[in-house]
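Shown next, in structure tokens, is the structure this report addresses.
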Amino acid sequence: MMTIDTSNMCSHLQKKLFEEDGIYHPLWMAMQDDPNLTAVVRSRQLHIYRNGKKVLVLAGKSAPKVIRADRICSMLPVNYAIERITQMEHHFEKALAVIKDSTKTSKMLEELKENVAILDEYYGSELWKQDLADDEAGRFPKDLKRGVLSEDGIWNLLSDYRDLNSNKN
């Protein structure tokens, strides 16, 4: 059974996490059964780690922040998946713009590297698979940009990035 010091935790987060009807309660229950997960309260938020690597930050009034793809993140409500897909779409569009730009600066290449790393971790992860399944089940709005859920979109971007890096050497 996981225990955490809640003395510095936001009261809104406590309700969402510990009350049976709280939106994060299923996550809390799943965390109890997973020995690889740990959590600590920092700045009134709950920081969740798997094997020492941060995967998720839960806050009381703001949206959760997915740090890295993990199966615990797939338990977040669908509206958080929409926010995640929107964020990933932003990384995708920024990376694609740099790859297509013939005047790449070192700053652009550094940002490209960061965006590609985020997309590479997301693509094929359990979180991506869950988002894809939710999309195929019609759980997202029709007007949601979802290029990151297309297998070819991210695959082609990652391939172009690898080609770009191999041409630099």
May I have the list of side-chain donor-acceptor pairs in residues 152-162 shorter than 3.5 Å, sequence neighbours left out?
| unit_1 | atom_1 | unit_2 | atom_2 | d |
| --- | --- | --- | --- | --- |
| N156 | ND2 | D152 | O | 3.1 |
| Y161 | OH | N165 | ND2 | 3.3 |

Requested in this report: Can you measure from CG (L76) to CD1 (I82) and round to the nearest 0.5 angstrom?
Outcome: 12.5 Å
Query raised in the report: Is the backbone N or O of G60 less than 3.5 Å from a side-chain atom of Q45, with the two atoms forming a donor-acceptor pair by type?
Result: no
**Report entry** Spatial distance of atom CG (L17) from atom OH (Y24) [nearest 0.5 Å]
**Finding:** 9.0 Å
Requested in this report: Look at the side-chain heavy atoms of Ile, Leu, Val, Met, Phe, Trp and Tyr, link any pair under 4.5 Å apart, and say whether M29 and L27 land in one connected group.
Outcome: yes
Requested in this report: Taking atom NZ of K104 as the centre, report whether more than 12 heavy atoms of other residues, nucleotides or ligands fall under 6.0 Å from it.
Outcome: yes
Query raised in the report: Are the side chains of F140 and I85 in touch, meaning some heavy atoms are under 4.5 Å apart?
Result: yes
Query raised in the report: Once you round to the nearest 0.5 Å, how far does CE of M31 lie from CD1 of I48?
Result: 4.0 Å
Query - Residue pairs passing the salt bridge (Lys or Arg N to Asp or Glu O under 4.0 Å) test where at least one lies in residues 2-24, sequence neighbours excluded - result: none
Query raised in the report: Do L132 and L119 belong together in a cluster built from hydrophobic side chains that touch within less than 4.5 Å?
Result: yes
Query raised in the report: Quick one: NE2 on H91 to CG on L96, what's the gap to the nearest 0.5 Å?
Result: 14.5 Å
Query raised in the report: Nearest 0.5 Å, what's the CG-CE distance between L112 and M108?
Result: 8.5 Å
Query raised in the report: Side chains of V98 and N115: closer than 4.5 Å at any heavy-atom pair?
Result: no
**Report entry** Criterion side-chain contact (heavy atoms from CB on, under 4.5 Å) on K145 and T86, from CA distance to verdict
**Finding:** CA-CA 7 Å; K145 286 186 79 176; T86 301; over 6 Å; no
Query raised in the report: I4, M75: one ILVMFWY side-chain cluster at the under-4.5 Å cut-off?
Result: yes
Query raised in the report: Under the side-chain contact (heavy atoms from CB on, under 4.5 Å) criterion, do F18 and L13 qualify, and how do the steps go?
Result: CA-CA 8 Å; F18 302 127; L13 180 56; over 6 Å; no
Query raised in the report: Is Y122 linked to I118 within one hydrophobic cluster, defined over Ile, Leu, Val, Met, Phe, Trp and Tyr using a side-chain heavy-atom separation of less than 4.5 Å?
Result: yes
Report summary line: Heavy-atom closest pair (L56 atom, P64 atom, distance to 0.1 Å) is CD1-CB, 4.1 Å
**Report entry** Co-membership, hydrophobic cluster, residues V57 and M9, 4.5 Å side-chain
**Finding:** no
Report task. Kindly say whether L144 contributes a backbone atom to a donor-acceptor pair with the side chain of R146 at under 3.5 angstrom? Result -> yes
Report summary line: Rounded to the nearest 0.5 Å, the CZ atom of F92 sits from the OH atom of Y123 at a distance of 10.5 Å
Requested in this report: Compute whether any side-chain donor of one residue and acceptor of the other, for Q130 and D134, lie under 3.5 angstrom apart.
Outcome: yes
Query raised in the report: Does any pair with a residue in residues 59-85 pass salt bridge (Lys or Arg N to Asp or Glu O under 4.0 Å), and if so which ones, sequence neighbours excluded?
Result: D34-R71, R50-D70, R68-E121, R84-D131
